[in-house]
Amino acid sequence: MNILGPCAAESEEQLLRIAQRISRVSRASLTIFRAGVWKPRTSPDTFQGVGDIGLKWLQRVKAEYNLPVATEVSTPEQVQKALAAGIDYLWLGARTSANPILVQAIADEIAKGSPKGVLIKNPVNEDADLWIGNIQRLTTNCQRPVYAVHRGCNHHPCWAMAYQLRKKLPEVPLLLDPSHMSGDAGKVAELCSIADELAYDGLMIEVHDRPQEALSDAKQQITPDELEQIMLQSSNGQSSNGQLTWLRRMMDEVDDTLWETIARRMNVSRQIGEYKKANGIEVVQPTRFEEIKTKRLAWATEHNLSEESVRELLETLHRESIRQQQ
Ligand code: PEP
Ligand code: MN
């Protein structure tokens, strides 16, 4: 199942243009057309969505291109309006997903209607338990298929969060949203191939025929041509879904943070070097290094790391710091 379409409905013409292109993309599985009409944006000065009128445009897309349609709901009132307009699928965004009281109120409202399905993104903060709890609120209440959408946090994938969800709720279909995960159209194709490798059950991708002119999320929306390429390369779930593949993805992400942290440490080290130079202080300060060693070696024991390895790592880091300061 793939949910494709622009971040936001901007005009009736824009939706129909994009829907026409998406309806022609070869599809191995169900395609749903997406567009947000009420946009939960960070700043009140940016485009907030076209509002209720957008539902009428989505109705036209549904009728003219025979595509099921989806929109984002952030309040029970929006659920009522979307269902009254015949919207097939509703999704709860990352900001809504951070608030369990709101999720419960939305779940109660959805239970009164009959959408074809409900999707919920992971919360903006990395909190697998909150995401899982929200899915449980929806599944107990809604009597409709519930899908999880993994969109990462702060443009980091957070594979470990999705891994936890997969293990806890293996029966819940899991989709990847490479657009919000990366915030970068240039990274969408690679994330789609990782989704294949990890046997995700589908994708939610932002597609715009004129991404540079988009009123929201302009940098991350791909064109219909780029979408076609991605769909051609998709293996349609032929992958292994091995636990090892997941664990390696998680390891790569931890390593990214680790190496970025080392680079940040060296940056601070250079600033300390400049201060020492300006104030006539020796680069090597044995007492300070002894303090750091004592603190970290005690920490190593608490964290089940061998003292010997931690000592070697500290020596290596210290050597590089000295080099940076000379
Ligand atoms: C969206 O899908 O356009 C959206 C607002 O996403 P998220 O909730 O993941 O930020
Ligand atoms: Mn968006």
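All figures in this text were calculated on a predicted structure; none of them were measured in a lab. Throughout, residue positions are numbered sequentially from 1 according to the sequence presented. Whatever order the structure lists them in is the order used to number ligands and atoms, beginning at 1.
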- prompt: Does a side chain donor of either H180 or E206 reach within less than 3.5 Å of an acceptor in the other side chain?
  reply: yes

query: Which of parallel (below 30°), tilted (30 to 60°) and perpendicular (above 60°) describes W159 and H150?
result: perpendicular

query: Going by an N to O cut-off under 4.0 Å, is there a salt bridge joining E290 and K293?
result: yes

query: Charged N to carboxylate O under 4.0 angstrom, D209 versus R21?
result: no

task: Applying side chain to side chain contact (heavy atoms under 4.5 Å, CB included), name anything that partners E226, two or more places apart in sequence or on another chain.
output: I222, T223

query: Do any protein N, O or S atoms sit under 2.8 Å from the Mn ion (ligand 2), and which ones are they?
result: C7 SG, H180 NE2, E206 OE2, D217 OD2

Show me a pair-per-line table, with atom names and distances to 0.1 Å, of protein N or O atoms that are under 3.5 Å from an N or O of ligand 1.
| from | atom 1 | to | atom 2 | distance (Å) |
| --- | --- | --- | --- | --- |
| ligand 1 | 2 (O) | R34 | NH1 | 2.8 |
| ligand 1 | 2 (O) | R34 | NH2 | 3.3 |
| ligand 1 | 2 (O) | K121 | NZ | 2.8 |
| ligand 1 | 3 (O) | R34 | NH2 | 2.8 |
| ligand 1 | 3 (O) | K39 | NZ | 2.7 |
| ligand 1 | 3 (O) | H180 | NE2 | 3.3 |
| ligand 1 | 3 (O) | E206 | OE2 | 3.2 |
| ligand 1 | 6 (O) | K121 | NZ | 2.9 |
| ligand 1 | 6 (O) | H180 | NE2 | 3.3 |
| ligand 1 | 8 (O) | A94 | N | 2.7 |
| ligand 1 | 9 (O) | K121 | NZ | 2.9 |
| ligand 1 | 9 (O) | R151 | NE | 2.6 |
| ligand 1 | 9 (O) | R151 | NH2 | 3.4 |
| ligand 1 | 10 (O) | R95 | NH1 | 2.9 |
| ligand 1 | 10 (O) | R151 | NH2 | 2.8 |

Residue pair S43 / T46, side-chain donor-acceptor N/O under 3.5 Å: no

- request: For D256, check salt bridge (charged side-chain N to carboxylate O under 4.0 Å, His left out) against everything at least two apart and list the hits.
  value: none

query: With distance as the sole criterion, is a donor-acceptor pair present between the side chains of N267 and Q271 under 3.5 Å?
result: yes

message: Checking side-chain polar atoms at under 3.5 Å, does H156 have a donor or acceptor matched by the opposite partner on E126?
response: no

